[in-house]
Structures are given as structure tokens and as C-alpha cells.
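Below, all heavy atoms of this structure are taken into account, side chains as well, without hydrogens, waters or symmetry copies. One-based numbering, in listed order, for ligands and for the atoms of each. We count residues from 1, following the sequence as given.
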Amino acid sequence: MAQPDESRTKPKVVDIHTHMYPPEYISILSSRTEIPLVRTFPSPSSPDPDPRLILLEAELPALEKALQDPSAPIPGRPLTKHFTSLPQKMHFMSTHGIDISVLSLANPWLDFLPASEAGAIAERINASFEEMCSSSSSKEQKLYFFATLPLTSPTETILSCIAHLSSSGSLPHCRGVILGTSGLGSGLDDPALLPIFHALAAHNLPVFLHPHYGLPSAVYGPRAGEEYGHVLPLALGFPMETTIALVRMYLAGVFDAVPGLRMILAHSGGTLPFLAGRIESCVLHDERLVKEGKTAARRRSVWEVLRSQVYLDAVVYSEVGLKAAVDASGGGREGAERLMFGTDHPFFPPVGEEGDRDGEWESVRLNVEAVKRALGEQSEEAELVMGGNAMRVLRLFD
Ligand code: 5CU
């Protein structure tokens, strides 16, 4: 039997999907009266309850009820130190054997800020992420970050933010940007976004595309808020939102217009790995698109775009989903080279009385298991997904 090669250095584990809310962001949320917001509700079981973080439109009915009736269930999720504390992030990394984390501000980023404030706040938030990365990186653990763009500001402000991210040398740990699906307010197929996508490509800044808005609450039905918790918006709304955003970009020809653009899709591309064939078929059978010559032989298919300009994170919690993501990305070694491990920390913590947030998280274990089962424990492909791909694509060199 082949002996393990002791001289081989341990492959790095990189978490590319891991969020933080720096203190200035929490102050903004705490000063707000509309979603997104942070608010503390009295609790019968604790004299000093955690504030609650209320983010999603689907949480609005529960918030309104709790504001009127102190005995109603408390809305949102607890704002624990996992969302805000850097030592807690480092502890989480050690607990789960993570060597490098690529941090990002969590949703809804700066989407709700007035145009006049967003530019300066983005600058402060990005500086804060840089400070976290430079102050906490050590020989054993390293941090990088995806920056936040002031998307409600005028285009010149956004472009100058992008130029600052890569050229000034003041943000050496920045490795791309995190983007929601709203763009400048009309989605990511908005032609007004093209200069921004060109600038990101020119500065070699990949886009980490992440959902927030889900689907209109009406599709979840009248029982959702009271009876189904966050399951429908998070399990289905988020992935559909990502899928729709990417397909709109594809149909608008953004990938052809900006061939240097690189996208990393959260949650393994939502439902894209499963639906790419159907999307492709709908394009080819659409009378209007055929008539307008948009299905010409030289057109790049959805599959080709997935295999050239798109990467997927591996936050999918199952071997079945991970295999589909690898297959949609080209299959075998080629497909495995396009997937990157993530945890979604601090979301999906252990819950309930028994839930120990300082110990091992089941949500992380499921994502690690999925990689091992889909690609083989200690296989080269699994090592690429767990860290090698992120090191290569995001230039995370020692
Ligand atoms: O639990 C949630 O609401 C979330 C969220 O808002 N963002 C995220 O990335 N994961 C879970």
C-alpha cells in the first residue's frame, strides 16, 4: 500500500464564503427603524438578551407583530459576536481547520444607503476589512476580503472605489468584490452596469455574487411567516434569486461584452447546475430569440459561460448538489477546478438549548462531507475545492 508522503505540506483549507458586520455597519443598522435593522427586544428568559438582526423582507410581518405585542415570538436572528468579533472568526477558523478566510460584508451590504452617503461609508467599511485582515493574519491563519461597492452612488463614485481597491496599495488584502443582485437598482443586466463590470475585469477583481432579496413574499403563501420560519426564503428564494440574476446577465450578453469578467456564485450557483439544460433549451426554442439571431451557431451556450467565466462556491450541504455543481462546471478535474469551499459563517449556527456556537458547526461538517463524498477523501480534486482553487483564482499566496 502506498505510504502517505510525510514531506508533502498539508493542503490549505480556504473559506471563501464567510461574512462579518464591522462595528460601523452595526451602528448604521441600530439607528434604523426600517428593515434592515438591529433592535433589542425584552426577553422573559434573559436579563441581557442579544440584539436581533432583522434583514429579510419576509421577516417584516414578524417584526411588526413583535413591536405591537411583547408576547409575540421575537423576530430575526440573534446578533451574536460571531457576526462582529474578529477573535470569534479566528476561533471558528481554528475549530474547523480553516487556514485562510476571504471575508465579506453580509447582505444587504450598502443597498439601502442614500447616494450621498454610500461612497464614504463604503470607503470606511473597506478600510475596516483591510484593518481586520492585516491585524489578524499570522503564519497559521490568514485573512483576505471581498470589498463592498457603493452601488447607490453615481457611477463615477463606484468606478473610483474600484480603482482604489486595486491600485493604491492601501488595500492589499482585497481580492474582489461582493455584489448583490440589485445592481444600480434595476438588476445585473442593466446596461448602465457595463462600465463597472469592465472596470472590475480590468482590475482583475472577481465578483462574488450573493443573494438577499429572494422572491416576492406572496409566493411563500400566507402560512409562511407564522409556521415555516426562514426555510422558504433561505432555501428557495435565495438560490432562485442568484439563478435569475445570472441568467439575466447571460441573456443580456454581459459575458460576451466583458469576457474578462469572473463571477463566483454563492450557494453553488443556486439552481443553475440543475437548470442550465432547461435554460439552454428555452433559449434555443424561443421564437423571438431565434428570429433576432440570438441563437446563432457562434453564440456561447449557458454551459460554455459556466465553464469559462463562472466559479461556484461549495456551500450546498449535500453530495448530490456538489456533484451537480462539478458536472455543470465541466465535470471531472475540469469541473472540480471551478468549485471553492465556503461555510456561510456566521449564518447557519447550531441552534436551540443544546446548540454550542463555540464548537463544531453541523452546517460546516455537511459541506466538508459533501466535498469528500462527491470527490473522494484526500483526492486532488477535493483538495482543490477545499483550498487550491481559491489560492489560484484569488491569488492567496504566502
Ligand atoms: O439566515 C439568513 O438570513 C442568511 C442571510 O441573510 N444571509 C446569508 O448569507 N445566509 C443566511
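- Asp189 and Tyr250 form no side-chain donor-acceptor contact under 3.5 Å, judged by distance and modelled atom types alone.
- In this structure, Phe347 and Phe83 have perpendicular ring planes: the angle between them is above 60°, well past the 30° mark.
- The shortest N/O to N/O separation between His210 and ligand 1 falls below 3.5 Å.
- Counting protein heavy atoms only, atom 6 (O) of ligand 1 is closest to Asn107 ND2, 3.0 Å.
- Those atoms of ligand 1 with a heavy atom of Asp344 less than 4.0 angstrom away are 8 (C), 9 (O), 10 (N).
- Residue His230 has no nitrogen or oxygen atom sitting less than 3.5 Å from a nitrogen or oxygen atom of ligand 1, judged on distance alone.
- Of the protein's heavy atoms, Arg77 NH2, 2.8 Å lies nearest to atom 3 (O) of ligand 1.
- In this structure, Tyr21 and Tyr25 have parallel ring planes: the angle between them is below the 30° cut-off, well short of the 60° mark.
- Near Leu55, meaning under 4.0 Å from one of its heavy atoms, ligand 1 places the atoms 6 (O).
- Between Thr18 and Ser101, the side chains place no donor N or O within less than 3.5 Å of an acceptor N or O (distance only, hydrogens not considered).
- From the protein, the heavy atom lying nearest to atom 1 (O) of ligand 1 is Leu234 CD1, 3.3 Å.
- Under the side chain to side chain contact (heavy atoms under 4.5 Å, CB included) test applied with Ile54, the options Leu63, Leu79, Ile74 reduce to a single match, Leu63.
- Using a 4.0 Å cut-off to heavy atoms of His19, the atoms of ligand 1 that qualify are 9 (O).
- A distance of 6.0 Å or more separates the ring centres of Phe238 and Tyr213.
- Annotation: His345 is not in aromatic contact with His17 [ring centroid separation under 6.0 Å not met].
- Distance from atom 8 (C) of ligand 1 to its nearest protein heavy atom, with residue and atom name: Phe347 CD1, 3.3 Å.
- Interface of Leu56 with ligand 1, defined as ligand atoms under 4.0 Å from a residue heavy atom, comprises 3 (O).
- For Phe129 and Phe146, the ring centers sit 6.0 Å or farther from each other.
- In terms of polar-atom proximity, His17 is not counted as a contact of ligand 1, lacking any N or O under 3.5 Å from an N or O of the ligand.
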